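Values reported hereafter were calculated over all heavy atoms of this structure, with side chains retained and with hydrogens, waters and symmetry mates removed. This structure is a prediction, so every number in the text was calculated from the model and none was measured.
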Amino acid sequence: MIYRFRADRPTIVVGLSLLCLVVPILFVIGDLLLMRQAYVGEIDKITPRAARLLGLIESEESLTQSASGMAEVLATSAYSSDVDSATTAASMQQMVREVMTSAGLSVSGSQILPGENTEGFENLNLDITVVGNINAVEEALSNLRMIRPLVLVESVTIKKLRATRTRAAQKAKPKKTDERMLSVRLRLLSMRLVG
């Protein structure tokens with residue numbers, strides 16, 4: 001037996017009304033599913049970040065100790081930003097000159113060069129020329145390592161010092177001179193904290 005469905009007008013109206021209700025509901029359900037997938041994707045992205053943040057919170061004390069230790073290292077490695085650049089460079093120049101003279105070198109010239117800012121620091125540059133024997137040069141370079149804040153040797157130019165003799169000096173009795181006399185030009189660098 002074949003049953004034939006016949007649609008009359010009230011059935012069509014009820015069917016279309018139900019269809020009008022079902023289609024928006026399906027769209028809302030589909031939109032909610034897409035939003036859920038987007039949120040799940042974001043949660044997957046956020047989970048490692050949240051874990052890192054929790055790790056930072058748990059290690060806050062050790063990070064604080066490390067930061068204070070780093071502040072101490074900076075205090076011994078770089079000049080403070082409390083004093084202006086010119087005064088700091090002059091102080092550095094004076095310390096270096098004292099180290100050179102205490103090692104037995106004579107300073108024939110020194111010049112503070114313009115500084116440059118790099119990543120939170122200002123470079124303090126000093127060009128200094130000293131004269132002395134090789135032992136004094138070695139001692140001075142060794143003593144430069146002891147200066148705090150740090151003084152770094154950027155470049156060194158060493159020349160053998162030539163003995164100049166006048167005629168009167170040649171006639172006079174020759175003095176016993178150290179043949180290892182050198183003229184040394186050093187380019188030194190120190191750091192100063194900015195701001």
* Asked: Should we say atom CD of Glu138 is surrounded by more than 12 heavy atoms from elsewhere, each under 6.0 Å from it?
  ->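 At most 12 heavy atoms, drawn from other residues, nucleotides or ligands, come within 6.0 Å of this atom.
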
* In this structure, are over 12 heavy atoms from other groups packed under 6.0 Å from Arg145 atom CZ? ->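 Result for CZ/Arg145: open.
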
* **Identified side-chain contact (heavy atoms from CB on, under 4.5 Å) partner of Ile25 from the options Val28, Val23, Val22, Ile29** =>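 Answer to the side-chain contact (heavy atoms from CB on, under 4.5 Å) test with Ile25 among Val28, Val23, Val22, Ile29: Ile29.
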
* When Thr11 is tested against each of Val13, Asp8, Val14 for side-chain contact (heavy atoms from CB on, under 4.5 Å), which residue passes? ->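 In the set Val13, Asp8, Val14, the residue that makes a side-chain contact (heavy atoms from CB on, under 4.5 Å) with Thr11 is Asp8.
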
State, with a plain yes or no, whether a side-chain heavy atom of [X] is found less than 4.5 Å away from one of [Y].
| X | Y | answer |
| --- | --- | --- |
| Val107 | Thr101 | yes |
| Arg185 | Ile128 | no |
| Thr129 | Leu186 | no |
| Leu182 | Val131 | no |
| Ile46 | Ile43 | no |
| Leu105 | Glu139 | no |
| Leu124 | Leu113 | no |

* To do: Give a yes or no on whether the backbone of Glu60 and the side-chain of Thr64 come within a donor-acceptor separation of less than 3.5 Å.
  =>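 Yes, the answer is positive, given that a donor and an acceptor are paired below the 3.5 Å cut-off.
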
* **Test item: Asn125 side-chain N/O and Ile112 main-chain N/O as donor-acceptor pair under 3.5 Å** =>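 No.
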
* **Arg97-Ser110 side chain donor-acceptor pair, cut-off 3.5 Å** =>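 On atom types as modelled, these side chains qualify, holding a pair under 3.5 Å.
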
